[in-house]
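Heads up, the thing below is written out as structure tokens.
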Amino acid sequence: MDTIQHLINGQMVAGTSGQTKPVFNPATGEQTREVALASVEDVDLAVQTSQKAYEEWRHVSIARRTKLMYAFRNLVEANVDEIARRLTAEHGKVLSDSAGEVARGLENIEFACGMAEALKGSISENASTGVDVQTVRRPLGVVAGITPFNFPAMIPLWTIPNAIAAGNGFILKPSERDPSTPMFIAELFHEAGFPDGLLNVVNGDKVAVDALLEHDLVKAISFVGSTPIAKYIYSTAAENGKRVQALGGAKNHMVVLPDADIDLAADAAVSAGYGSAGERCMAISVIVAVGDSADPLIEAIRQRTDNLVIGDGTDAASEMGPLITAEHRDRVAGYIEAGAADGADVVVDGRTRQFEGDGFFLGVSLLDNVTTDMSVYTDEIFGPVLSVVRVDTFAEAIDMIEKNQWGNGTAVFTRDGGAARRFQEEVEAGMVGINVPVPVPVGYHSFGGWNDSFFGDTTMYGPEGMRFYTRPKVTTTRWPDPATSTVDLGFPTNQ
Ligand code: NAD
């Protein structure tokens, strides 16, 4: 069995724990590889070598750093198809989705290529007579990224480029469920010419995560994953004196007003609810149908589900692939059962779709007349299940979103500018779409939700991300009085 190891100081190393976990191809259900689980000692070695690399890297010129970042960008772009192939083989999403996530990751490398602008400091001249004050942003040291299974290319790229551009060393602890893609990206990073040890990858589980959270030389933690783990990371990292940004789970609502273009809204609901099998933190999970939009919208979505092609992500005809594991597939299916038992109407039941082979497939589901006390509403399902909650007014929709535990993304579908603007102003979420179902910000803005979707104060990537990986240093300089200068300055100096 092929073992995915750790990348430490430019070398693949087996690690010392002797522990591994299986890695599957979700489309076939077969174990294809295994992944080594790092010990505390493996993590320490990774951190020590990254610290050594950082101590030199922070002195490397911006010109040189930029050149290397461009080389990395070009290598990732040249390898989009190969990254997508590896990604689909372990995650299961269709190849076009995999390539799409690499494209979103590239945006973050491109933002980091502009580091000369993003890292510029500021100066106040003559703050007092002959006194100048300047602020520069310095790196933190070694920083770590702990990432989820659902975007194994994009999410590591939310963090690595900015952290490295700013002069830090980086340790990545990717999801143990699909570790080949982030490892391949780290190999491309080395191929681009960055020094050994600057980016190390340790594979593993809680043992590796805890070792990072407790290591004195790790100065900041960037986490993306489920809410319970995000809370744990936030509190533990903070207790250990680290800077932390911890992005959690989500339950994203899409509000459809009676004046909306129903076809546009139904297309959006299908792609945002069922795309990547609903395993996206920005997936639409709840449709809030206002007034008489409900019946035509539900019918339009139902019709579209009939034609949805679900199959192996490597098949160009497939529009949706399998779920990540058999256990997760069964857990998602359990919510359809629970929704029906709670009194929701199961308009489309994904459990009735038949699939050949042992892949972790599940059909898509649509539940109507869901209420906010049902588990299909209160829990993050993270699968291809859309719940429709019917309300009478716009105000009820806003209120429902405000009362929900999370606040990652949300969207409104309407043709009314006033309603859209009101929604943008009032709604309780960090990322808002107006006729855009999945409003993931472009790489030169920043990404982060509100409430239980985000713990910390500096969101991820873009300008906020660059800020997270730097700390200000302010220097106050008193210049000698020009009158005392021994050089003839050629103009009056008594002012
Ligand atoms: P997860 O929380 O299970 O795992 C995330 C990371 O934490 C992995 O690297 C994992 O190894 C590690 N981890 C898991 N259990 C741990 C523990 N007990 N102690 C320490 N570390 C632990 O998440 P997942 O299942 O990989 O990803 C799906 C979740 O991530 C969903 O909840 C989804 O909404 C969320 N997510 C959020 C965003 C966002 O931007 N807010 C983006 C993507 C995914």
Side-chain angles (χ1 to χ4, degrees), residues 19 21 23 26 35-38 40 43 90-93 101 104-105 108 144-159 171-179 181-183 201-214 221-237 244-252 276-285 323-325 327-329 331-332 379-383 404-410 429-431 438-441 446-456 459-462 464-465:
Q19 304 282 312
K21 270 194 178 165
V23 176
V35 60
L37 304 180
V40 173
V43 171
E90 284 181 6
H91 179 285
K93 63 176 75 172
E101 94 159 77
R104 295 312 302 261
N108 301 112
I146 300 160
T147 53
F149 81 83
N150 66 324
F151 285 104
M154 181 182 79
I155 293 183
L157 291 174
W158 280 1
T159 53
I171 312 286
L172 177 68
K173 204 305 282 172
S175 171
E176 63 275 39
R177 288 189 263 183
D178 47 10
T181 302
M183 186 60 91
V201 182
V202 289
N203 283 306
D205 55 10
K206 183 170 166 55
V207 172
V209 171
D210 286 346
L212 287 167
L213 297 179
E214 285 161 16
I221 300 282
S222 298
F223 172 85
V224 183
S226 59
T227 291
I229 310 297
K231 279 187 180 166
Y232 168 73
I233 300 279
Y234 181 62
S235 55
T236 312
V244 50
Q245 49 182 190
L247 278 61
K251 189 86 184 173
N252 305 312
S276 285
E279 293 173 328
R280 291 179 180 147
C281 63
M282 290 289 274
I284 292 298
S285 176
L323 283 97
I324 187 71
T325 57
E327 297 72 38
H328 186 55
R329 186 256 329 267
R331 183 178 165 274
V332 173
D379 296 5
E380 181 182 33
I381 299 176
F382 220 56
N404 190 268
Q405 173 189 355
W406 290 284
N408 212 38
T410 187
M431 294 169 282
V438 184
V440 174
S446 301
F447 184 108
W450 286 8
N451 305 327
D452 278 359
S453 295
F454 177 68
F455 305 91
T459 55
M460 225 165 245
Y461 72 71
E464 293 254 326

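Position 1 is the first residue of the sequence; numbering continues from there. Counting starts at 1 for both ligands and their atoms, in listed order.
- Contact annotation: for Phe454 versus ligand 1, there are no heavy atoms closer than 4.0 Å.
- The shortest contact between atom 8 (C) of ligand 1 and any protein heavy atom is with Thr147 O, 3.3 Å.
- Shown in contact with Phe382 at under 4.0 Å from a heavy atom are these atoms of ligand 1, numbered in order with element: 28 (C), 31 (C), 33 (C), 34 (O).
- Protein heavy atom in closest approach to atom 20 (C) of ligand 1: Val209 CG1, 3.6 Å.
- Taking the side chain as every heavy atom from C-beta outward, Glu279 and His91 approach each other to under 4.5 Å.
- Distance CG/Asp205 to CG/Asp210: 9.0 Å, rounded to 0.5 Å.
- Protein heavy atom in closest approach to atom 40 (O) of ligand 1: Phe447 CE2, 3.0 Å.
- Between atom NZ of residue Lys206 and atom CD1 of residue Ile229 there is a gap of 7.5 Å, rounded to the nearest 0.5 Å.
- Using 4.0 Å as the threshold, Ile155 has a heavy atom nearer than that to some atom of ligand 1.
- Between Leu172 atom CG and Thr147 atom OG1 the span is 5.0 Å, to the nearest 0.5 Å.
- In this structure, OG on Ser285 lies 12.0 Å from CG on Asn408, to the nearest 0.5 angstrom.
- Backbone and side-chain nitrogen or oxygen atoms of Arg177 are examined, and one is located within less than 3.5 angstrom of a nitrogen or oxygen of ligand 1.
- Pairing each heavy atom of Gly204 with each of Leu37, the nearest pair is CA-CD2, 3.7 Å.
- Closest protein heavy atom to atom 19 (N) of ligand 1: Lys206 CG, 3.4 Å.
- What you find for Pro179 and Glu176 is that their closest heavy atoms are CD-O, 3.7 Å.
- Checked against a 3.5 angstrom limit, the closest N/O atoms of Phe223 and ligand 1 fall outside it.
- Closer than 4.0 Å to atom 4 (O) of ligand 1 lies none of the heavy atoms of the protein.
- Close approach to Gly249 involves these atoms of ligand 1, each under 4.0 Å from a residue heavy atom: 32 (O), 34 (O).
- With a heavy-atom cut-off of 4.0 Å, Glu279 does not touch ligand 1 at all.
- If you look at Glu176 next to ligand 1, the close heavy atoms, those under 4.0 Å, all belong to the side chain.
- Remark: ligand 1 and Pro148 share no N or O pair separated by less than 3.5 Å (distance only, no angle test).
- The shortest N or O to N or O distance between Phe149 and ligand 1 is under 3.5 Å.
- For the atom pair CD1 of Ile146 and CD1 of Ile233, the computed distance is 4.0 Å after rounding to the nearest 0.5 Å.
- Inter-residue side-chain proximity for Asn150 and Phe382 is flagged as met; some heavy-atom pair is nearer than 4.5 Å.
- Ring pair Trp158/Phe447 is tilted by interplanar angle, where 30° to 60° counts as tilted.
- The shell of residues lying under 4.0 angstrom from ligand 1, judged by heavy atoms, includes Gly248.
- If you take CG on Asn108 and CE on Met460, they are separated by 10.5 Å, rounding to the nearest 0.5 Å.
- When only non-hydrogen protein atoms are considered, atom 23 (O) of ligand 1 lies nearest to Ser226 N, 3.6 Å.
- The heavy-atom pair separating Arg177 from Phe149 by the smallest distance is NH2-CD2, 3.7 Å.
- Any N or O atom pair closer than 3.5 Å counts here, and Lys173 shares at least one such pair with ligand 1.
- When non-hydrogen atoms are compared, ligand 1 lies under 4.0 Å from the side chain of Asn150 (C-beta onward) but not from its backbone.
- If you check each of Ser285, Pro228, Gly225 against atom 35 (C) of ligand 1, the one with the closest non-hydrogen atom is Gly225.
- Although no hydrogens or angles enter the test, the distance criterion places a donor-acceptor pair under 3.5 Å between the side chain of Glu380 and the main chain of Ala250.
- Contacts of Trp158 with ligand 1, taken as heavy-atom pairs under 4.0 Å, involve the side chain alone.
- The proximity of Phe151 to ligand 1, defined as any non-hydrogen pair under 4.0 Å, does not occur for either the backbone or the side chain.
- Here the protein heavy atom with the shortest distance to atom 17 (C) of ligand 1 is Ile229 CD1, 3.7 Å.
- In terms of heavy-atom proximity, Pro182 sits nearest to Pro152 at CD-O, 3.5 Å.
- Here the protein heavy atom with the shortest distance to atom 39 (C) of ligand 1 is Cys281 SG, 3.4 Å.
- Taking each heavy atom of Leu323 and His328 in turn, the nearest pair found is CD2-CD2, 3.6 Å.
- The side chain of Glu380, and not its backbone, has at least one atom closer than 4.0 Å to an atom of ligand 1 (non-hydrogen atoms only; side chain from C-beta on).
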